[in-house]
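Written out below as structure tokens is the structure these notes cover.
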2 protein chains.
Amino acid sequence: MTKLTNTSDEIIRCARTLIIAGGYNGFSYADIADVVGIRKASIHHHFPSKVDLVRTLLQLYREEAKAGLATVKSYNTDPADQLRAYINYWTACIGDPTSSFCVCALLASQIPVLPPEIVVEVRAHFRTLSTWLASVIEEGATQNAFSLTGTAQSEAESFMAAVHGAMLSARVYGDEKVFSVVTEPLIERLINDQGK
Amino acid sequence: MTKLTNTSDEIIRCARTLIIAGGYNGFSYADIADVVGIRKASIHHHFPSKVDLVRTLLQLYREEAKAGLATVKSYNTDPADQLRAYINYWTACIGDPTSSFCVCALLASQIPVLPPEIVVEVRAHFRTLSTWLASVIEEGATQNAFSLTGTAQSEAESFMAAVHGAMLSARVYGDEKVFSVVTEPLIERLINDQGK
DNA sequence: CACAGCCTACCTTCTAGTAGGTAAATATCA
DNA sequence: TGATATTTACCTACTAGAAGGTAGGCTGTG
């Protein structure tokens with residue numbers, strides 16, 4: 001994996017926060033330079049171009065996400081608990097402006113104007129997440145803990161879409177509660193239908 | 001209502017398309033000038049500042065949206081049909097790059113970096129939409145056509161979030177079908193639970 | 001005339017990115 | 001070991017182009 005010094009790590013963290021706030025065109029090297037406390041040119045030393053920076057950032061984000069999802073699975077045997085752990089992660093993030101949105105979900109909205117190298121990473125993250133959700137939901141169905149109305153994959157796409165939409169609503173209303181209002185019933189719905 | 005000449009109307013239409021593609025910072029006066037076929041300065045004649053342009057654009061969009069939602073209600077007596085008409089509208093839009101996303105939903109993702117005048121309009125649209133959805137869902141519940149798991153308002157927030165998330169997924173995957181996969185079960189879920 | 005609608009020409013500020021230099025850490029090797 | 005390369009991490013100073021916006025001048029119409 002790409003080695004990261006303290007400074008380049010700090011640059012990435014800062015860029016991530018700025019992207020979460022305003023997307024790809026919502027931040028500049030100057031913004032990062034101000035926060036990190038080095039000069040613009042020094043950022044180019046670490047990341048020759050903006051695309052390099054954001055691509056690296058996304059690769060790192062995706063690795064963290066994959067590791068996180070794997071951890072959720074290893075620490076929870078119950079599929080419902082696995083989904084709850086995923087939701088709880090984001091519930092904890094929603095209030096914090098530096099992490100209140102999935103970087104990939106945010107960039108996703110700007111796909112038509114994004115460099116192709118970035119689009120590839122964003123798309124890959126969506127596939128990773130929906131595949132993970134589908135496997136958890138599939139597992140729940142196999143255990144007769146969940147009853148599905150469609151395929152596990154389509155249930156996963158619905159689940160993911162609802163979470164992303166909930167992030168958006170929380171941002172618009174400036175109210176963290178909306179996120180929970182939307183996401184909490186998602187898991188209950190899978191479980192409650194059990195008796196059919 | 002603000003009077004609009006042919007040209008300023010064209011400017012607004014063009015800006016709307018560009019915002020749908022890349023958000024507030026994703027387009028410039030130069031971009032619009034190229035498409036409309038006039039000079040940058042002439043756009044400033046119609047809309048002194050970028051904020052003026054986008055605010056007017058959003059006011060117009062909101063009026064159209066409100067009129068559209070009212071029309072849906074007047075043409076469909078069945079609440080389920082009203083929801084279907086709303087979903088069908090967006091299903092028809094999803095494939096077309098110039099209208100494949102709700103302008104307000106797109107801008108919503110960038111709220112932290114948006115001028116306050118714009119945020120107000122975006123937030124107002126979300127409230128209008130969720131209130132409309134809640135009233136339709138409430139009506140369905142009163143008629144015993146729908147059975148709700150929460151309040152009409154919370155069902156409405158879930159419905160809206162799912163639709164916005166579905167737009168995002170369709171964009172990421174470059175696949176219109178995902179939108180239908182996510183949105184179609186939304187209405188069925190409200191209905192199917194009826195027998196309880 | 002007055003004004004709408006457009007123009008050319010310009011301004012300032014910001015954008016990503018480059019050129020080239022300095023000082024310190026780190027390899028390399030006699 | 002000590003002398004010598006090389007690399008890392010930063011810097012100042014700069015570029016070309018794009019950003020939003022302004023000043024002021026034409027031209028046609030009510």
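What you see is a predicted model, and the numbers here were worked out from it, not measured in a lab.
- To the nearest 0.5 Å, atom CD1 of residue A/Ile94 and atom CZ of residue A/Phe179 are 4.5 Å apart.
- Between B/Arg16 and B/Glu64 a salt bridge is recorded (basic side-chain N to carboxylate O distance below 4.0 Å).
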Under 3.5 Å, N/O pairs linking protein and nucleotides 17-19 of chain D:
unit_1: D/dA19; atom_1: OP1; unit_2: B/Ser28; atom_2: OG; d: 2.9
unit_1: D/dA19; atom_1: OP2; unit_2: B/Ser28; atom_2: OG; d: 3.4

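- When the C1' atom of D/dG20 is taken as reference, atom CG of B/Asn25 falls 12 Å away, rounded to whole Å.
- Relative ring orientation between B/Tyr173 and A/Phe126 is described as perpendicular, the plane-to-plane angle rising above 60° on a 0-90° scale split at 30° and 60°.
- Considering only side-chain N and O atoms, A/Ser42 lies under 4.0 angstrom from the phosphate OP1 or OP2 of D/dC11.
- Within a 6.0 Å sphere centred on CZ of A/Arg62, heavy atoms belonging to other residues, nucleotides or ligands number more than 12.
- Between D/dC10 and A/Thr7, a contact under 4.0 Å exists linking OP1 or OP2 to a side-chain N or O.
- In this structure, CD1 of A/Ile11 is placed 10 Å from P of D/dA9, rounded to the nearest angstrom.
- Straight-line distance from the CG atom of A/Asp52 to the P atom of C/dA16: 13 Å, rounded to whole Å.
- In this entry the distance linking NE2 of A/His45 with C1' of D/dT12 reads 16 Å, nearest Å.
- Taking atom CD1 on A/Ile32 and atom C1' on C/dT15, their separation rounds to 13 Å, with Å as the unit.
- Although no hydrogens or angles enter the test, the distance criterion places no donor-acceptor pair under 3.5 Å between the side chain of B/Asp34 and the main chain of B/Asp31.
- When the nearest nucleotides of DNA chain D are assigned to A/Ala41 and B/Ser49 by heavy-atom distance, the more 5′-ward of the two goes with A/Ala41.
- A donor-acceptor pair shorter than 3.5 Å cannot be found between the side chains of A/Glu63 and A/Gln59.
- Look at NE2 on A/His44: it is 14 Å from C1' on D/dT12, rounded to the nearest Å.
- Between B/Ile38 atom CD1 and D/dC26 atom P the separation is 20 Å, expressed in whole Å.
- For the 3.5 Å distance criterion, the side chains of A/Thr91 and A/Asn88 fail to qualify, holding no donor opposite an acceptor.
- Between B/Arg39 atom CZ and C/dC10 atom P there is a gap of 14 Å when expressed in whole angstrom units.
- Within the 4.0 Å cut-off from OP1 or OP2 of D/dC10, at least one side-chain nitrogen or oxygen of A/His46 is found.
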